[in-house]
Structure formats: structure tokens, C-alpha cells
Amino acid sequence: MERKPASYRHTFRIFGLITIAVVAALVLRSLLVPDSFGEHEHLQAAAVADALEPDVHHVGKTTCAECHDELADLHAKDAHAWVQCETCHGPGTLHVAADGDGDIHRPDGKDACLVCHRLLLARPGEFAQVKVEEHYRFVGVEDPATLCIDCHDPHEPLYMDRDLRNARLHPLIHRCRDCHPGRTDESMPRPAEHPAIFQCDYCHAEVVADFATRSHRAMRCTTCHIFFRESECAGRILRDADPRFCVLCHGEADFRSASAAPSIAWPDHREDMAVDDGDLAKRCVDCHQENIPRLGTRTSAGPTTEERNDG
Ligand code: HEC
Ligand code: HEC
Ligand code: HEC
Ligand code: HEC
Ligand code: HEC
Ligand code: HEC
Ligand code: HEC
Ligand code: HEC
Ligand code: HEC
């Protein structure tokens, strides 16, 4: 019996498909594999150059200061002195390479600040943190949409009238949260056997007694005298008479609540109140001595350890 020659017809299609797949794979590979692949063994040589591309570089604040010198000086004397420009603004290489025309991040919204300052139990207590609702209630803000930068300047958040780095060295001041993370209520009572902590009246008895008669008596001393810890036993104390600091609480603004501190328009207020030209150069504290601690009162050297333990 004559056998029919074998037919391979049914395989054409499958080989056709395989050929197409192989050709497609080769074409794709040639398109996808980077040119420099294999120059350094199984690595992509160009990746090294890629990693050195300018857009991921930080240039450092001295470079920023070459063009933004006034702003950099401002920044260097206030609470953010240790925060690098590019921590907030992102890498500046493209911006600098284009002489300032290139893109640079301009942080906005409350989260730009809260990313560092939101109260979190995991953060060390001594780092400055706020609960927004509490902070806003305290500084008389009603509208929750109010931005942090409506009051604070990101480059001089506390408007210090003198350089923080030269501010007076002062014995250690503890806030409750230094030892009790997350505890923001500084007026809460402490148990009788509580470990002794330094209080202002140990050394500034006269100032404290006198201050109890003044309009700001309900405020804690450290609200105006913010303390920057430098070591286990000392830090820098703020003594700030810059009007813009007072205006943080007293400036007239739409966002104020009914229970906010009495508001004034600044500097119009000074012009309205001025009696003669000399008044036009005055700061708030020059006219409102009665609202700040009496100056020139004696400071004692502080209690002995025994006295402190008794207190
Ligand atoms: C070669 C000069 C130069 C350098 C260096 C430079 N800038 Fe600028 N920058 C400018 C100029 C010019 C502008 C536009 C005018 C202006 O707003 O002052 C600008 C604007 C900005 C703006 C505003 C952008 C906007 O969208 O409103 C920011 C933020 C900024 N620079 C941050 C930085 C930071 C951070 C650095 C350091 C990494 C830096 N600059 C370095 C020249 C420079
Ligand atoms: C804590 C975060 C932070 C740091 C640190 C910081 N900036 Fe800014 N910067 C901001 C924010 C937020 C704005 C936008 C302010 C606004 O919209 O009013 C801004 C705005 C600017 C502007 C535009 C100013 C304008 O009037 O348009 C420049 C320029 C600038 N920053 C440069 C710098 C330089 C230079 C440094 C370092 C010396 C620096 N910044 C450090 C947060 C920061
Ligand atoms: C990258 C983190 C970072 C960002 C973002 C940041 N800050 Fe700060 N801020 C700091 C550091 C660090 C200090 C110094 C704290 C210290 O030594 O106690 C500080 C201090 C302050 C202080 C002084 C408080 C005190 O008691 O020490 C204020 C007010 C402040 N920042 C407001 C702001 C505002 C408003 C913004 C947003 C424009 C902002 N910060 C964004 C890191 C940041
Ligand atoms: C109405 C003005 C105002 C607004 C808006 C405002 N603050 Fe303040 N902030 C103040 C004043 C006044 C102080 C100083 C008194 C004090 O310590 O509470 C202060 C102090 C601070 C401190 C230091 C607190 C401490 O205990 O050391 C931080 C941090 C801070 N603000 C961050 C912020 C952030 C973040 C925002 C935005 C969510 C913001 N502030 C919005 C007025 C304001
Ligand atoms: C130098 C560290 C330190 C400081 C600052 C400090 N405490 Fe305490 N506190 C302690 C220690 C230690 C205990 C006892 C530990 C315990 O029993 O958990 C304690 C216990 C307490 C307790 C009882 C237990 C508890 O956690 O509820 C209260 C309430 C308290 N402290 C309130 C305060 C207040 C309010 C402030 C600020 C005025 C403050 N403390 C500041 C160290 C400190
Ligand atoms: C252990 C003692 C001691 C304690 C406690 C103490 N101080 Fe002082 N303080 C001093 C001494 C000493 C000086 C320098 C006094 C002088 O020259 O008259 C000083 C100076 C100051 C100054 C002036 C800073 C300047 O630049 O001139 C302020 C503000 C201040 N203290 C606030 C406080 C506050 C607020 C508290 C409480 C939270 C406090 N102190 C607790 C000892 C203390
Ligand atoms: C943290 C917010 C805050 C800061 C900062 C602050 N004040 Fe006040 N101030 C108040 C509050 C709240 C009152 C109202 C006290 C009361 O009457 O119970 C007040 C009252 C006053 C009054 C009296 C108003 C009246 O009707 O009797 C004057 C004046 C004043 N402050 C001036 C200042 C000066 C000057 C500074 C800066 C050195 C300053 N304040 C800083 C919150 C603040
Ligand atoms: C040239 C002097 C002078 C200067 C500067 C000055 N004030 Fe006054 N201020 C007055 C006088 C006068 C009054 C009305 C009498 C009074 O209440 O003491 C007044 C009233 C006030 C009141 C009460 C307003 C009210 O409606 O109850 C506040 C709050 C206040 N000033 C805050 C400030 C702050 C904050 C500054 C600085 C930003 C400042 N003042 C700067 C002279 C001044
Ligand atoms: C409303 C803000 C505010 C409050 C609250 C406040 N102070 Fe002051 N304090 C000031 C200002 C502003 C000065 C500096 C005035 C100047 O330099 O002209 C000052 C100065 C001082 C001085 C230096 C006095 C001198 O003769 O050199 C001491 C000490 C002091 N304060 C302690 C305290 C104590 C303790 C408390 C709490 C009982 C307190 N302060 C509350 C704003 C405040």
C-alpha cells in the first residue's frame, strides 16, 4: 500500500508564530536594552552618569546665599537656622544652573510645616510640636483653613530681634513634654512626689510675683521666652521685643476668633497712638512696659538642691 507523503502543513503555522515571536523579541530587546549594557559586566554603565545627573543634587545653602543673601541672613538668625534651604525647597541644581529661572519647589499648605511640627508621640518631646486645633485656639484663630505662613515667616518663624546663636545662655528649662512625650498642657497639676523641676520663680521670684498683676499673667513665661536646649544643663533663652512677635497674637486679621487677644492694625496703631514724632520709632514694649516683665529686677543665683527638693 502506497503511503501518502507526510504532511507538515499543520506545523507551518506554529513555526510561523515562533519565528514572529523570536523576531519580535529581538527587536524589543534591541529597543529596550540600554546601549551601555554590558560595558561593565552585567551592569548598565550609563547608570553611573544618570545617578550623577544634576536634578537630584543638593547644592547647599552657601550657594543659595550667593543670590538670596538677604533672605539667607534672615534665616541664619532665627529658629530655622539649622534647617537647610533644600530640606524645604528640594534639590536646587536645576534652579541654580538656570540662574534662578529653573524650577524650584515652593512649599505650600499647612502640611509643609506639619511634616516636622505635628505633635507625634514618636518625636522627641523637646522638639517643638503643635496640635493644630490647640495651637489655633491658643493664638486666637477661628478659621481652620488659616495657613501657618499667615503668621509665621518660614525663614524667620519667631521674628527674633537678635541672633538666636548669641542669645543668652541660660540654665536648663524643662517643659512637661521634655519628659512626658505628647503632654502639651503645661498647666496640668503635678503629683506631690513629682521629681523637682526648675521653675521660673526659683530664680526670678520678683519678676514672677510682679508679673502676676499684669494682663499677660495667664500666659506661661515660656510662651514669650522660648527656650532652645543646647546641652543637658543649658540652652539659649529668647528675649524678643520685635513687634512682629507680638503681632503674631495681636495683629488684626479675618481669621481671628471672638475670643482672640485684642487686635490692632500694625503699624497704623503706632501712628494713631503717637503723641510726638519720637513715638513713631517705638516698639510695642516701649509703650507697653506694663504688659511685659518689669526690667532690671534682681535674679537670684537659684535655689540650693535642698531648697529645690523641698519646693
Ligand atoms: C544664580 C542665582 C540664584 C541662586 C544660586 C539661587 N537662586 Fe533662587 N532665585 C533666583 C532668582 C533670580 C529668582 C527669581 C526672582 C526672585 O523671586 O527672587 C529665584 C527664585 C527662587 C524661589 C522662588 C520660586 C517661586 O516659584 O516663587 C525660591 C523658592 C528659590 N529661588 C530658592 C532657592 C534656593 C533654595 C536656592 C539654593 C538651592 C536658590 N534659590 C539659589 C536666583 C538664584
Ligand atoms: C522651613 C522650610 C523652609 C526653609 C528652611 C527655607 N524656606 Fe524658603 N520658603 C519656604 C516657604 C513655605 C516659602 C513660601 C512662602 C510664601 O509663599 O509666602 C518659601 C519661599 C522662598 C522664596 C520666595 C520668596 C518670595 O518672596 O517669593 C525664596 C527665594 C526662598 N524661599 C529661599 C530660601 C532660601 C535661600 C533658604 C535658605 C537660606 C530657604 N528658602 C529656606 C520654606 C522654607
Ligand atoms: C524639615 C523640618 C522642618 C520644617 C518643614 C519646618 N520646621 Fe520649623 N523648626 C524645625 C527645627 C529643626 C526647629 C528648631 C527646633 C528646636 O531647636 O527646638 C524649628 C523651629 C520652629 C519654630 C520655633 C519653635 C521653638 O519653640 O523652637 C517655629 C515657630 C517653627 N519652626 C515654625 C515652622 C513653620 C511655620 C513651618 C512651615 C513654614 C516650619 N516650621 C517648617 C524644623 C522644621
Ligand atoms: C495666628 C498666628 C499663628 C498661626 C496661624 C500659627 N502660629 Fe505657630 N505660633 C504663634 C505664636 C504667637 C507662637 C508663640 C507662642 C507659642 O509658643 O504658642 C507660635 C509658636 C509656634 C511653635 C512653637 C511652639 C512651642 O511650644 O515651642 C510652633 C512649632 C508653631 N508655632 C508652628 C505652627 C504651625 C505648624 C502652624 C500651622 C499649622 C502655626 N504655627 C500657625 C502664632 C501662630
Ligand atoms: C525632668 C523630667 C520631668 C518633667 C520636666 C516633668 N515630669 Fe512629670 N513626671 C516625671 C517622672 C520621672 C514621673 C514619675 C514617673 C511615673 O510614675 O511614670 C512623673 C510623673 C508625673 C505625673 C503622674 C504620672 C503621669 O504620668 O500621669 C504627672 C501628672 C506629671 N508628672 C505631670 C507633669 C507636668 C504637668 C509637668 C510640667 C509642668 C511635668 N510632669 C514635667 C518627670 C518629669
Ligand atoms: C536656676 C536659676 C534660673 C531659673 C530656674 C530660671 N532662670 Fe532665667 N535666668 C537666670 C539667670 C542667672 C539669668 C541671668 C540674669 C541676669 O543677668 O539678671 C537669667 C536670665 C533670664 C532672662 C533674660 C535673658 C536675657 O537675654 O537677658 C529671661 C528672659 C529668663 N531668665 C527667663 C526665665 C524663665 C521664663 C524661666 C522659667 C521657665 C527661668 N528664666 C528660670 C536663672 C534662672
Ligand atoms: C501668645 C499670644 C500673645 C502674645 C505673643 C502677646 N500677647 Fe499681648 N495679650 C494676649 C492676650 C490673650 C491678652 C488678653 C489678656 C486678658 O485681658 O486676659 C493680651 C493683652 C495685651 C495687652 C492689653 C490689652 C488690654 O486691653 O488691656 C497689651 C497692650 C498687649 N497684650 C501687648 C503685647 C505685647 C507688647 C506683646 C509682645 C511683647 C504681646 N502682647 C504678646 C496674647 C498675647
Ligand atoms: C507709641 C506707643 C505705642 C506703641 C508703639 C504701641 N502701642 Fe499699643 N497702645 C498704645 C496706647 C496709648 C493704647 C491705648 C491705651 C491702652 O490701652 O494702654 C494702646 C492699646 C493697645 C492694645 C489694646 C487695644 C484694645 O482694643 O483693647 C493692644 C492689644 C496693644 N496696644 C498692642 C500693641 C502691640 C502688640 C504693639 C506693637 C506691635 C503696640 N501696641 C504698639 C500705645 C502704643
Ligand atoms: C508677653 C510676652 C512675655 C511674657 C508672657 C513674659 N515675658 Fe519676660 N520679657 C518679655 C520681653 C519682650 C522682655 C524684654 C524686653 C526688652 O528687652 O526690652 C522680657 C524680659 C524678661 C526678663 C529680663 C529682665 C531684665 O531686666 O533684663 C526676665 C528675667 C523675664 N522677662 C522673665 C519672665 C518671666 C519669669 C515670665 C513669667 C512670669 C515672663 N518673663 C513672661 C516678654 C514676656
Side-chain angles (χ1 to χ4, degrees), residues 77 126 138-140 151 158-178 186-187 196-230 232-253 256 258-309 311:
K77 62 98 183 151
E126 57 282 16
F138 183 66
V139 295
C151 288
L158 293 175
Y159 300 110
M160 297 182 184
D161 62 359
R162 57 197 90 182
D163 194 326
L164 172 63
R165 295 161 301 182
N166 308 329
R168 183 172 207 126
L169 270 174
H170 189 275
L172 190 63
I173 291 180
H174 274 310
R175 285 169 297 192
C176 312
R177 64 178 189 230
D178 293 356
E186 298 268 333
S187 58
I197 53 177
F198 271 150
Q199 285 184 290
C200 314
D201 59 352
Y202 290 145
C203 308
H204 303 290
E206 280 181 48
V207 175
V208 172
D210 170 68
F211 201 71
T213 64
R214 298 178 181 237
S215 62
H216 287 127
R217 62 181 163 276
M219 251 154 74
R220 290 184 54 83
C221 310
T222 45
T223 299
C224 291
H225 299 294
I226 292 179
F227 179 77
F228 295 81
R229 186 187 173 120
E230 278 193 353
E232 284 306 304
C233 50
R236 307 263 168 197
I237 189 122
L238 200 61
R239 170 192 174 134
D240 190 2
D242 191 311
R244 292 172 304 165
F245 177 75
C246 310
V247 165
L248 283 174
C249 286
H250 287 293
E252 218 167 56
R256 297 281 181 202
S259 59
S263 294
I264 52 139
W266 183 254
D268 304 4
H269 172 69
R270 176 164 55 189
E271 278 147 39
D272 296 345
M273 296 301 164
V275 177
D276 54 47
D277 284 355
D279 285 346
L280 293 175
K282 284 190 172 158
R283 306 164 302 167
C284 320
V285 294
D286 299 325
C287 294
H288 290 292
Q289 284 285 324
E290 77 284 8
N291 294 93
I292 57 159
R294 187 151 47 90
L295 303 184
T297 27
R298 199 174 51 85
T299 300
S300 81
T304 62
T305 311
E306 262 163 50
E307 279 165 350
R308 235 189 302 133
N309 290 343

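Start at 1 and go down the list; that is how both ligands and their atoms are numbered. Since we're looking at a predicted model, the values are computed, not measured. Numbering of residues begins at 1 and proceeds along the displayed sequence.
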*Contact with ligand 9 for Arg283, non-hydrogen, under 4.0 angstrom*: yes

*Would you say Ile292 touches ligand 9, if touching means a heavy atom closer than 4.0 Å?*
yes

*Have a look at Ile226 and tell me which of Ile173, Ile237, Leu158 forms a side-chain contact (heavy atoms from CB on, under 4.5 Å) with it.*
Leu158

Considering the heavy atoms of [X], write down every atom of ligand 9 situated less than 4.0 Å from one of them.
X: Cys200; answer: 35 (C)
X: Cys224; answer: 1 (C), 2 (C), 3 (C), 4 (C), 5 (C), 42 (C), 43 (C)
X: His216; answer: 1 (C)
X: Val207; answer: 32 (C), 33 (C), 34 (C), 35 (C)
X: Met219; answer: 1 (C), 5 (C)

Given [options], which has its nearest heavy atom closest to [atom]?
atom: atom 36 (C) of ligand 8; options: Ala274, Gly251, Cys284; result: Cys284
atom: atom 21 (C) of ligand 6; options: His170, Arg236, Glu186; result: His170
atom: atom 30 (C) of ligand 6; options: Arg168, His225, His204; result: His204

*Minimum heavy-atom separation for Tyr159 to Asp240, with atom names?*
O-OD2, 3.0 Å

*Taking both backbone and side-chain atoms into account, decide whether Cys287 has an N/O/S atom under 2.8 Å from atom 8 (Fe) of ligand 8.*
no

*Is His288 close enough to atom 8 (Fe) of ligand 8 to have an N, O or S atom under 2.8 Å?*
yes

Distance filter under 4.0 Å to [X] heavy atoms, resulting ligand 8 atoms:
X: Val247; value: 38 (C)
X: Lys282; value: 5 (C)
X: Pro243; value: 38 (C)
X: Cys246; value: 35 (C)

*Can an N or O of His269 be found at a distance shorter than 3.5 Å from an N or O of ligand 8?*
yes

*asked:* Tell me whether ligand 6 is touched by Gln199 - counting only heavy atoms on the residue side and a distance under 4.0 Å.
replied: yes

Among all protein heavy atoms in this structure, tell me which lies nearest to [atom], with the distance rounded to 0.1 Å.
atom: atom 22 (C) of ligand 8; result: Ile264 CG2, 4.1 Å
atom: atom 27 (O) of ligand 8; result: Pro262 CB, 3.9 Å
atom: atom 13 (C) of ligand 8; result: Met273 SD, 3.7 Å

*Is the shortest distance from a heavy atom of Arg244 to ligand 8 less than 4.0 Å?*
no

*Could you see which bit of Asp240 sits under 4.0 Å from ligand 9, with heavy atoms only: side chain, backbone, both or neither?*
backbone

*With rounding to the nearest 0.5 Å, note down the distance linking SG in Cys203 to CZ in Phe198.*
6.0 Å

_One residue to check: Pro171. Relative to ligand 6, which of side chain, backbone, both or neither has a non-hydrogen atom less than 4.0 Å away?_
side chain

_Sub-4.0 Å atoms of ligand 6 with respect to non-hydrogen atoms of Thr222_ = 38 (C)

*Any idea which atoms of ligand 6 are less than 4.0 Å away from a heavy-atom of Cys221?*
35 (C)

*Got a sec, which pairs hit side-chain hydrogen bond (donor to acceptor under 3.5 Å, both in side chains) with one end in residues 266-281, sequence neighbours left out?*
Asp279-Lys282

_Quick check: Arg239 and ligand 6, any N/O pair under 3.5 Å apart?_
yes

